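Counting starts at 1 for both ligands and their atoms, following the listed order. Since the structure is predicted, the reported quantities are computational estimates derived from the model, not experimental observations.
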Amino acid sequence: MDPPRLGSAHRILSALDTDEQVLRFVEAITSDVASIQSELLQQILADNADVAYFHRHGLFGVPSAEDFHSRLPLISYQDIELDVARIASGDEDGHAKILSGTSGGRQKLFPKLSDYDPEFLVLNRVARAALNRQGPFNTGKSLHFIYVRNPEVTPGGVKLSSGLSGYFTSPAFRNRKIDPATSYTSPDQVLQCVDYIQANYCHLLCGLVQRDQVVSVGSVFASTFVRSLKSLKCQWRDICQDIAEGAVNSRIVTSLPVRNAVNAILRPDIELADAIRKECCGGNWRGIVRRLWPEARLVQTIITGTMQQYVSIIDMLTDGLPIASSLYASSECSSLGVNLDPVCPPSEVLYTLFPCFAYFEFLPLENRLSAPDEDQGQEERSFVSCDNLVKLADVKVGDEYELVLTTKAGLYRYRVGDILKVVKFHNDAPQFAFVRRAGVLLSVDMDKTDELELHKAVTQAWNRHQEHSEIRLVDYTSRVDLSSQPGHYIIYWEAFPDPQILELDVCCFELEESLSVVYRRNRREGSVGPLEIKLVRQGTFDKIMDHVVQNGGASYGQYKTPRCAKDPKVVSILESSVIAKGQARYMQTST
Ligand code: AMP
């Protein structure tokens with residue numbers, strides 16, 4: 001039986017047994033994009049008929065697709081904050097629960113139908129079939145760094161749970177069919193442990209005691225993977241002792257159920273402890289993943305968008321293991337798309353949006369007057385017209401768009417803030433490169449530097465100096481300093497394994513040279529001051545992650561480094577960790 005192209009994810013999933021069935025399903029839904037999208041829109045409109053949001057826009061009963069397109073405006077988070085607050089207060093409109101997300105550096109809450117999205121399981125199943133098509137990557141265990149947080153409840157009694165945590169703490173995960181081809185090295189008690197430090201320690205310990213079975217390593221986002229591995233530097237001594245003794249350290253792992261579950265897979269193994277000690281004690285981190293997990297053939301983690309900066313450190317730590325960046329997902333809708341060619345080079349990753357998951361529209365880049373995360377008044381935001389929105393089946397190769405979503409759970413024409421570029425089509429489904437998050441990060445005068453421009457400039461400046469050394473840029477962020485005139489950009493860098501005295505003044509010069517023509521003109525004319533680079537102590541970005549996670553509602557697994565530091569606490573963590581700085585002392589006189 002072929003799986004249905006549309007309908008409940010549970011029904012679809014139950015028909016996706018073999019990889020062959022999964023790939024047939026992919027062929028079917030990518031061959032009929034326009035009609036699946038139009039059927040899905042009708043289904044969403046019927047399921048949500050008569051919600052207050054529709055009434056507010058003059059739509060009663062079941063709106064038609066024409067009404068939807070002509071009456072409903074394009075919205076950003078600010079436009080629905082009051083609605084979200086109302087749902088959170090328990091005054092439910094429609095059938096929403098709440099889910100938290102973090103993009104844009106602050107907590108956002110989105111309506112959700114259940115604790116986790118079953119569509120996310122469809123996405124994962126497709127990703128696995130696509131991977132299996134490219135090689136025997138799923139024949140052993142996966143050391144996956146998964147971190148969840150406790151679901152919270154609003155004062156109105158509505159559950160808050162982040163996308164990943166929602167699934168890993170759900171009965172659906174606990175009662176899942178254990179597939180020997182995709183099992184984790186960590187027991188469920190570790191995967192569901194809400195304490196980051198204990199979970200991180202146990203992931204490493206369990207992964208190391210089963211090292212010969214580990215065929216893939218990873219985490220959802222690359223930043224989490226890098227942080228988890230870096231922690232080995234401080235933890236390998238305790239881990240080796242636990243392996244030698246065959247019992248987990250009860251001072252580090254204080255949770256009894258977690259300890260019991262980990263102890264159940266330990267037995268004293270002095271030989272293994274010695275082998276691991278030998279690899280870790282010399283401080284040589286190049287290729288540590290291949291040396292500790294000799295059977296590992298793949299890294300599974302998202303390395304596009306803001307995560308692309310971790311590719312180089314992952315390459316160094318894994319000695320070039322292939323990276324599968326399989327999933328494109330977001331709290332707004334959980335499941336957006338899959339990379340159908342997962343073991344491609346990082347620069348070639350494309351995501352195919354699944355027409356059965358959400359109703360997708362696209363705002364051509366030239367029609368974007370302002371980005372959703374920018375601080376603007378209502379008037380300016382609502383000025384962005386819906387007239388030029390393009391449907392999924394009608395986007396053009398080579399064009400860039402901002403993604404606009406209508407979801408089954410009740411987001412209507414919502415600007416996600418992701419800029420995507422159409423690179424090619426698979427059947428009639430467009431395949432997108434993730435370009436960047438929308439929005440200007442840095443601006444002092446007429447200059448406007450976005451995430452991608454900053455990323456390119458930072459990477460170029462770093463590579464010129466450190467490409468052939470063992471030192472890798474672990475993370476970076478930036479801000480504008482207007483406390484002195486003229487204002488200027490500050491870029492913060494953290495290096496691994498050991499911060500080295502870099503020629504920071506020269507790096508500043510090169511970074512400026514890689515910024516836009518407008519920036520350089522402003523610099524020459526003196527309306528923008530000389531850029532500064534500040535090298536921060538190791539562990540600074542971990543502290544920022546702790547702060548953001550503890551105050552922002554995301555789980556560690558979903559965290560993304562804010563590329564522009566706006567939160568005063570984040571700025572103070574950065575400033576108190578500076579160990580060296582440089583400033584652009586001169587500028588080239590012509591562009
Ligand atoms: P969150 O709000 O925490 O659910 O994060 C969702 C956001 O993460 C998306 O809107 C994207 O900006 C980013 N994201 C998710 N998947 C990818 C991906 N595969 N590549 C680049 N960015 C991604």
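- Considering backbone and side-chain N/O of D418, one or more are found under 3.5 Å from N/O of ligand 1.
- Although no hydrogens or angles enter the test, the distance criterion places no donor-acceptor pair under 3.5 Å between the side chain of Q300 and the main chain of S219.
- Within the 4.0 Å heavy-atom cutoff, Y351 counts among the residues contacting ligand 1.
- Near V416, the atoms of ligand 1 lying under 4.0 angstrom from a non-hydrogen atom of the residue are 10 (O).
- Here the shortest heavy-atom pairing between N388 and P364 reads O-CD, 3.3 Å.
- Only the side chain of F434 comes within 4.0 Å of ligand 1, counting heavy atoms alone; its backbone N, CA, C and O stay farther away.
- Taking the ring-ring contact (aromatic ring centres under 6.0 Å, His included) definition, one finds that H426 meets it with nothing, sequence neighbours left out.
- Listed by atom number, the atoms of ligand 1 under 4.0 Å from T304 heavy atoms are 18 (C), 19 (N), 20 (N), 21 (C).
- Side-chain contact between F432 and F362 is present, with heavy atoms from C-beta onward closer than 4.5 Å.
- Of all atoms in ligand 1, numbered sequentially from 1 with element shown, those under 4.0 Å from a heavy atom of R437 are 10 (O), 12 (O).
- Of the heavy atoms in I302, only side-chain atoms (C-beta onward) come closer than 4.0 Å to ligand 1.
- The two atoms that bring T224 and G557 nearest to each other are OG1-O, 3.9 Å, heavy atoms only.
- The aromatic ring centres of Y147 and H203 sit less than 6.0 Å apart.
- Residue K108 places no heavy atom under 4.0 Å from ligand 1.
- By the 3.5 Å distance cut-off applied to N or O atoms, S325 is not counted among the residues near ligand 1.
- Polar contact with ligand 1: present for L327 (N/O pair, distance under 3.5 Å).
- For the side-chain contact (heavy atoms from CB on, under 4.5 Å) test, residues two or more places apart in sequence or in another chain that qualify with L23 are A129, R133.
- With a 4.0 Å heavy-atom cut-off, ligand 1 is reached by the side chain of K560 but not by its N, CA, C or O.
- Taking every non-hydrogen atom of S330 and a distance limit under 4.0 Å, the qualifying atoms of ligand 1 come out as 4 (O), 6 (C), 9 (C), 10 (O).
- Just one of Y196, Y556, Y559 meets the side-chain hydrogen bond (donor to acceptor under 3.5 Å, both in side chains) condition when paired with D546; it is Y556.
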